[in-house]
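On a predicted model such as this, the values are computed, not experimentally measured, just so you know.
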Amino acid sequence: MENTLILCEKPSAAKSIAEALIPMYAKRDGYFEGNNLYVTWCFGHMLELAEPNEYNPRFKKWEMNVLPILPNPFKLTVNPDANKQLNIIKKLASKCSLFVNAADAGREGELIAMEVYEYLGLTLPVKRLWTSSLVPAAIQKAYQQMKDGKEYIPLYQASQARRNADWSIGINATRALTVQHNTLLSAGRVQTPTLFLCYERQKEIENFKVETFYEVAGTFQQKNVQYEGTWQGPRLNKPEEAQAIIKRVQGKIGEIIMFQKKETKELPPRLYDLASLQQDANRIYGYSAQQTLDIAQKLYEKKHITYPRTSGDVIDESLIPEMHSVLKKIQGYGDLVKNADPSLVHAKNKQVCDPSRIEDHHAVLPTEFIPTQLMKDEAEIYDLIVRRFLVHFYPPALYEAQYQRSCHHPQTYVN
């Protein structure tokens with residue numbers, strides 16, 4: 001039987017994949033092996049774009065007359081700490097007839113694995129192991145359903161384009177601004193427009209003008225029923241305008257001219273994507289976006305949640321049985337689980353299941369690997385994800401909204 005090389009993005013992911021695919025694996029220096037499989041890993045981005053002076057010594061000095069610096073092709077250099085692992089990958093590849101890209105399922109994962117493949121000059125056929133969960137069942141299913149690596153070439157090219165654009169804009173804009181103004185000024189593809197948005201918002205805050213206005217509120221009595229009401233009309237900018245309204249209506253009998261009662265249905269919030277998880281984690285616990293991502297990444301690597309770097313807030317139909325299975329295993333949520341209704345999570349529920357809205361990844365979900373002990377920050381983020389998961393096993397919230405409009409008779413007075 002021919003050997004297969006499986007390249008992961010991180011050691012923790014490699015360990016999970018080895019455990020799922022090799023029942024009796026052996027741990028070696030820099031890889032796992034067994035069943036004609038070699039499972040090895042990167043340490044994130046082990047290759048970096050070369051510095052400008054590595055293309056031409058003239059580029060070492062920051063001068064306007066050498067700009068723009070636009071390499072073609074771009075060169076990669078090895079992170080000094082990655083030399084040993086790159087050599088291990090190359091040595092293992094020489095023993096194999098198939099290369100499996102098992103990096104994180106996304107644009108950056110595609111870049112990390114395939115730039116190593118190209119840098120080492122490998123020519124093995126490529127398969128893609130694409131999974132958003134590190135639980136054994138998900139890994140085994142993804143391994144059985146691997147696709148030809150050629151199908152992911154556009155994703156790899158998109159990631160290369162993003163990386164090259166970041167380098168080109170950062171190098172050229174930073175140097176141009178610094179030379180022009182004779183002080184270090186940093187610019188970047190994402191950094192600069194984001195900074196501009198922050199600047200614009202700060203200017204709005206600084207230029208905000210406080211305007212005082214007045215509202216008129218009253219207590220109304222209808223037989224034995226008492227209720228509150230407010231004056232509806234143009235904004236009252238002067239206190240005498242409010243006093244005039246009070247004087248006209250106080251102590252007088254009014255007439256209800258319209259009454260509406262409407263039953264309103266409120267759907268549960270969608271499952272978490274990374275952005276909405278970061279927003280809630282900041283609002284409730286004060287975590288920064290990066291802190292939330294780091295915590296969620298730890299939970300993912302411990303197999304407690306699915307891949308967190310996602311813009312998806314729905315799932316596809318294949319994940320519905322998994323959601324039902326997870327519901328049965330969740331512990332510590334008492335009646336929230338006991339009273340949940342699994343029949344509400346189904347393929348026709350577009351609030352949960354909508355494959356047309358999924359790009360790279362589905363929403364963040366808890367997995368069947370229920371934690372027994374977590375650090376405080378991990379427990380808080382995990383709790384948010386579980387509660388958002390559980391809410392979809394409940395029907396929409398129903399509440400009754402009432403609205404009435406009244407007027408007064410100017411010549412009719414209360415005794």
Side-chain angles (χ1 to χ4, degrees), residues 7-10 41-87 89-90 101 103-122 126 128 149-150 152-199 274-275 288-290 293-294 297 309-311 359-361:
L7 181 61
C8 304
E9 188 168 325
K10 306 177 188 72
W41 56 82
C42 300
F43 296 106
H45 287 278
M46 298 197 297
L47 301 172
E48 302 168 350
L49 287 178
E51 291 296 319
N53 58 284
E54 295 179 63
Y55 295 96
N56 190 322
R58 291 178 55 230
F59 297 157
K60 188 168 186 177
K61 191 172 182 180
W62 290 30
E63 295 177 329
M64 195 72 79
N65 62 354
V66 301
L67 300 180
I69 301 170
L70 298 172
N72 186 21
F74 281 83
K75 296 179 182 178
L76 292 173
T77 61
V78 180
N79 184 316
D81 296 332
N83 274 307
K84 178 182 176 182
Q85 191 63 19
L86 275 174
N87 288 331
I89 295 170
K90 186 173 184 178
N101 175 1
D104 288 354
R107 188 179 65 183
E108 285 307 295
E110 197 67 22
L111 177 66
I112 286 170
M114 293 313 296
E115 67 183 3
V116 167
Y117 178 91
E118 290 192 351
Y119 182 83
L120 294 178
L122 304 184
V126 179
R128 186 55 159 110
K150 292 179 181 178
Y152 295 87
I153 289 176
L155 186 64
Y156 177 41
Q157 293 172 333
S159 190
Q160 285 180 309
R162 190 275 311 154
R163 177 197 62 189
N164 296 348
D166 282 350
W167 190 97
S168 300
I169 294 171
I171 291 291
N172 289 289
T174 296
R175 290 190 176 204
L177 288 169
T178 298
V179 172
Q180 180 70 28
H181 298 283
N182 198 32
T183 186
L184 181 60
L185 296 172
S186 177
R189 180 183 64 90
V190 176
Q191 166 193 323
T192 301
T194 302
L195 183 61
F196 177 73
L197 290 173
C198 294
Y199 168 80
L274 177 59
S288 69
Q290 187 60 52
L293 175 57
D294 291 343
Q297 184 68 27
R309 297 172 186 262
T310 175
S311 60
E359 294 181 1
D360 281 350
H361 303 284

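Across all non-hydrogen atoms, the minimal contact from Ala158 to Arg107 is C-CD, 4.2 Å. Closest non-hydrogen pair, Ala187 versus Thr192, comes out as CA-OG1, 3.3 Å. For Asp166 against Arg162, the heavy-atom pair with the smallest separation is OD2-NH1, 2.8 Å. Pairing each heavy atom of Ala103 with each of Gly109, the nearest pair is CB-O, 3.2 Å.
Taking CD1 of Ile89 as the reference point, atom NZ of Lys84 lies at 12.5 Å (rounded to 0.5 Å). Distance check: Asn164 CG to Gln157 CD gives 11.5 Å after rounding to the nearest 0.5 Å. Between Asn65 atom CG and Glu63 atom CD the span is 5.0 Å, to the nearest 0.5 Å. Interatomic distance, CG of Leu185 versus OG1 of Thr174, reported as 8.5 Å (0.5 Å rounding). Rounded to the nearest 0.5 Å, atoms CD (Glu115) and OG (Ser159) are 8.0 Å apart. Expressed to the nearest 0.5 Å, how far CD1 of Ile69 lies from CH2 of Trp167 amounts to 5.5 Å.
Contact check for Trp41 versus Gln85: side-chain heavy atoms found under the 4.5 Å cut-off. Thr183 places none of its side-chain heavy atoms less than 4.5 Å from the side chain of Leu177. Side-chain contact check for Gln180 versus Arg175: every heavy-atom pair is 4.5 Å or farther apart.
Side-chain N or O atoms of Gln191 include one that pairs as donor or acceptor with a backbone N or O of Ser186 at under 3.5 Å. Remark: the backbone N or O of Arg128 is not paired with any side-chain donor or acceptor of Asn101 at under 3.5 angstrom.
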**Message:** side-chain contact (heavy atoms from CB on, under 4.5 Å), that's the test. Do Val126 and Lys150 meet it? Break it down for me.
**Reply:** CA-CA 8 Å; Val126 179; Lys150 292 179 181 178; over 6 Å; no
**Request:** Just do the side-chain contact (heavy atoms from CB on, under 4.5 Å) check on Asp104 and Ile112 with the steps written out, would you?
**Result:** CA-CA 9 Å; Asp104 288 354; Ile112 286 170; over 6 Å; no
**Message:** Assess the residue pair Thr194 and Tyr199 against the criterion (side-chain contact (heavy atoms from CB on, under 4.5 Å)); give the C-alpha distance rounded to whole Å, side-chain angles, the decisive distance to 0.1 Å, and a yes or no.
**Reply:** CA-CA 9 Å; Thr194 302; Tyr199 168 80; over 6 Å; no
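Looking only at atom types and distance, the side chain of Asp294 has a donor-acceptor partner in the side chain of Gln290 under 3.5 Å away. The closest side-chain donor-acceptor pair between Glu118 and Tyr156 falls under 3.5 angstrom.
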Which atom pairs, donor and acceptor, lie under 3.5 Å between side-chain atoms of residues 42-61 and protein residues at least two apart or in another chain?
from  : atom 1 : to     : atom 2 : distance (Å)
His45 : NE2    : Glu108 : OE1    : 3.1
Glu48 : OE2    : Asn79  : ND2    : 3.4
Glu54 : OE2    : Glu51  : N      : 3.1
Tyr55 : OH     : Lys75  : N      : 2.7
Asn56 : OD1    : Arg58  : N      : 2.9

